[in-house]
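Below is one structure, written out as structure tokens; comments come after it.
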There are 2 protein chains.
Amino acid sequence: MAARSYGQYCGVTTAVELIGERWALLIVRDLLVGPRRYTDLKAGLPRIPTNILALRLKELQDAGVVRRVPLSHRGLVYELTAYGRQLEPIVLALGRWGFAAMGEPDPDDVVTADSLTMALRTAFRPDAAEALPATGYDLHVGDVGLRARVDGVALAVRRLDARERGLDGEDVGGAEAGSSAEDQGPDAVFVAGPGIRGIISGELAPDDALARGVVRVPRGDAALLGRFAATFHIDPAAAAA
Amino acid sequence: MAARSYGQYCGVTTAVELIGERWALLIVRDLLVGPRRYTDLKAGLPRIPTNILALRLKELQDAGVVRRVPLSHRGLVYELTAYGRQLEPIVLALGRWGFAAMGEPDPDDVVTADSLTMALRTAFRPDAAEALPATGYDLHVGDVGLRARVDGVALAVRRLDARERGLDGEDVGGAEAGSSAEDQGPDAVFVAGPGIRGIISGELAPDDALARGVVRVPRGDAALLGRFAATFHIDPAAAAA
DNA sequence: CCGGATCCGAATCGATACTG
DNA sequence: CAGTATCGATTCGGATCCGG
């Protein structure tokens, strides 16, 4: 028996031996959003030591959770195996559970695109979305920008690139440059804000104005905020505040 | 920010900070079966260092997951708070996930009463049980003895005490001494066996005969084995072997 | 830049001994 | 029973370095 084994023949014990080491489940969280290169993972986990990231990736491969895929062109990505993808409901449930214990963010806590994407998936209520017309939302939290498209019971979240994020500060909703062909612009744009922070579990405060928070719905009506709240299970009172 | 924090404002990160330390989730697993004293936990986690157990219990209390309750008579127990109990579906799902990766037990792996109880809860299919008449099963794995009573969609598992476990070796099913008033004796008695090992994720092999495994249904018919397999989602072929 | 490997001090874990 | 105290063994964190 390995020296560091828990010494029990049990499913929970086995699971914890596979994905219970420090940082491992956060790597899985980011890979649940999509395949990622080594550097992407490092950027998404700013405080992970590089040797630990390399070690965990090896261990997760040995565990059959992660696969290393060379890219046709050059470079390589890590992606979850089918077995690893089975962790999705568990990670989402853990996120929901942990969310309830979250207080105010520490001043130098960070919100990453992948953690925010998973937070949206966590909060998404397909049953609430099903009754509504398809809607797109842009979310800006710190320097992360995401576009969430809700359509029937489906949720699609993608990152906004630098051009699309160009619309910040006071002219939110004005610029339209970045919208790509297959993906119409958002029906609403949210910036930081306490209500948003509530659901998407993230607020980054690079400047004071943003820290105090704003929720703006520049291209739709205020009812969109309520729809957003219902779809993502925000406390509407907090969102309205 | 604490030096050891992951530095992210995210539900998953928060959850992992609360219950991601080594041994923590296994303490939660055992407490999901019921309140336990310090020495019970130590016995259920044979390889945990005592200082780590003490430290984790403090951390879990600070996290609001565990509560320390003085006993009226003397001594004290640890129990989960309502927030801690919300981890049950997550721990069960993790157990199911880890179960799929379990190979043969290491020779000195151990099966504890609490891990076995949680394994039964993990494998239990209320929908399969619902159609069946109420049935009791006694399970003997190594020196752990449990009585599982399946009734409608409910599953109740309790430990057999030393007297009740007295029926081992060749005279399994013979002795009836220990059955208490409110809890009729079992309809079937299972001893170790490969099929059993399959579901309940446990085999301890104190002697060779037991290691090779036996499945016996002394007081019912063989159909009980199939019923057990369905209710706890065993591979019937493996169970029959 | 990407994908790590290496080195070293700091923090944590594990084993054992001891105590109210 | 319910833990502390101590100390060596591991692991983690931070920084630097390296080959493609």
Side-chain angles (χ1 to χ4, degrees), chain A residues 1-8 13 16-27 30-31 34-63 66-79 108-110 162, chain B residues 1-8 13 16-27 30-31 35-63 66-79 108-110:
Chain A
M1 177 170 45
R4 202 137 201 278
S5 155
Y6 292 103
Q8 301 193 359
T13 308
V16 171
E17 279 172 0
L18 294 182
I19 51 155
E21 297 293 296
R22 197 162 159 75
W23 293 106
L25 206 61
L26 302 183
I27 295 172
D30 283 8
L31 290 179
R36 292 286 180 266
R37 350 173 122 239
Y38 189 88
T39 15
D40 298 333
L41 290 169
K42 225 171 91 163
L45 272 2
R47 301 183 46 131
I48 195 174
T50 175
N51 57 340
I52 296 297
L53 176 55
L55 179 58
R56 290 292 173 269
L57 285 170
K58 261 177 228 144
E59 292 167 347
L60 289 171
Q61 284 173 77
D62 293 347
V66 162
R67 185 169 34 220
R68 196 171 181 272
V69 181
L71 288 179
S72 57
H73 195 45
R74 78 165 134 253
L76 55 95
V77 292
Y78 293 91
E79 65 178 25
D108 40 28
D109 270 357
V110 141
Chain B
M1 179 168 45
R4 203 137 199 277
S5 155
Y6 291 103
Q8 301 192 1
T13 309
V16 171
E17 281 173 358
L18 295 181
I19 51 157
E21 297 293 297
R22 201 163 157 72
W23 294 105
L25 206 61
L26 302 183
I27 295 172
D30 284 8
L31 290 180
R36 292 285 180 268
R37 349 172 126 240
Y38 189 89
T39 21
D40 297 333
L41 290 169
K42 226 171 92 152
L45 272 1
R47 301 183 45 131
I48 196 175
T50 177
N51 56 340
I52 297 296
L53 176 55
L55 179 58
R56 289 292 173 269
L57 285 171
K58 263 177 225 144
E59 293 166 348
L60 289 171
Q61 285 173 76
D62 292 347
V66 162
R67 186 171 29 223
R68 195 172 184 271
V69 182
L71 251 25
S72 57
H73 195 46
R74 78 163 135 255
L76 54 95
V77 291
Y78 292 91
E79 65 178 24
D108 40 30
D109 270 357
V110 142

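Computed from a prediction, not measured in an experiment: that's the story for all the values here. Lettering of chains follows the sequences in order, A, B, ..., and the numbering in each one begins at 1.
The distance from atom CD1 of Ile48(A) to atom C1' of dT11(D) is 13 Å, rounded to the nearest whole Å. Summarising the geometry, the separation between CD1 on Ile27(A) and C1' on dC12(D) is reported as 14 Å, rounded to the nearest angstrom. Going from atom CG of Leu41(B) over to atom C1' of dG3(D) covers 13 Å, rounded to whole Å. In this structure, CZ of Arg22(A) is placed 9 Å from C1' of dG13(D), rounded to the nearest angstrom. Between the CZ atom of Arg47(A) and the C1' atom of dC12(D) there is a distance of 12 Å, rounded to whole Å. The distance between atom CG of Leu53(B) and atom C1' of dG3(D), rounded to the nearest whole Å, is 9 Å. Spacing between atom CD of Glu21(B) and atom P of dC12(D) amounts to 10 Å, rounded to whole angstrom units. Between the C1' atom of dT11(D) and the CD1 atom of Ile52(B) lies a distance of 13 Å, rounded to the nearest Å.
To the nearest 0.5 Å, atom CZ of residue Arg56(A) and atom CD of residue Glu59(A) are 4.5 Å apart. Note that CG of Leu57(B) and CZ of Arg67(B) are 14.0 Å apart. Values are rounded to the nearest 0.5 Å. Here the OH-CG distance, from Tyr6(A) to Leu25(B), works out to 9.0 Å after rounding to the nearest 0.5 Å. Distance check, rounded to the nearest 0.5 Å: NZ of Lys42(A) to CG of Leu53(A) gives 8.0 Å.
The cationic atom of Arg68(B) (NZ for Lys, CZ for Arg) does not lie both less than 6.0 Å from the six-membered ring centre of Tyr38(B) and within 45° of the ring axis.
Summarising the geometry of Ala24(A) relative to Ile19(A), their closest heavy-atom pair is CB-O, 3.7 Å, with the distance given to 0.1 Å. The shortest heavy-atom contact between Arg22(A) and Ser5(B) is NH2-O, 4.2 Å. Between Pro46(A) and Val110(A), the shortest heavy-atom distance links the atoms CG-CG1, 4.3 Å.
Note on the helix from dC1(C)-dG20(D) to dG20(C)-dC1(D): terminal axis deviation equals 30°, with five pairs used at each end and the result rounded to 10°.
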### Task
Check step by step if side-chain contact (heavy atoms from CB on, under 4.5 Å) holds for Gln8(A) and Leu45(B).
CA-CA 8 Å; Gln8(A) 301 193 359; Leu45(B) 272 1; 3.5 Å; yes

### Query
Can Ile48(A) and Leu26(A) be said to form a side-chain contact (heavy atoms from CB on, under 4.5 Å), step by step?
CA-CA 10 Å; Ile48(A) 195 174; Leu26(A) 302 183; over 6 Å; no

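Among the nucleotides dG13(D), dC1(D), dG3(D), the one closest to any side-chain atom of Pro49(A) is dG13(D).
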Dump the pairs, protein N or O against N or O of nucleotides 4-8 of chain D, anything under 3.5 Å, distances to one decimal.
{"from": "dT4(D)", "atom 1": "OP1", "to": "Lys58(B)", "atom 2": "NZ", "distance (Å)": "3.4"}
{"from": "dT6(D)", "atom 1": "O4", "to": "Asn51(B)", "atom 2": "ND2", "distance (Å)": "3.4"}

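Every salt bridge (Lys or Arg N to Asp or Glu O under 4.0 Å) that Glu21(A) has, sequence neighbours left out, goes to Arg4(A). For the salt bridge (Lys or Arg N to Asp or Glu O under 4.0 Å) test, no residue two or more places apart in sequence or in another chain qualifies with Arg47(B).
Summary of the strand contacts: Arg4(A) and Lys42(A) both lie near DNA chain C, and taking for each the nucleotide with the nearest heavy atom, the more 5' one is attributed to Lys42(A).
One finds a side-chain N or O of Tyr78(B) lying less than 4.0 angstrom from the OP1 or OP2 phosphate oxygen of dG3(D).
Using modelled atom types, one side-chain atom of Asp40(A) and one backbone atom of Arg37(A) make a donor-acceptor pair closer than 3.5 Å.
If you check residues 69-77 of chain B against DNA chain C, you find no residue with a heavy atom closer than 4.0 Å.
Using a 4.5 Å heavy-atom threshold, the side chains of Leu31(B) and Leu60(B) count as separate.
Of all nucleotides in DNA chain C, those with any atom nearer than 4.0 Å to a heavy atom of chain A start and finish, going 5' to 3', at dC2(C) to dC13(C).
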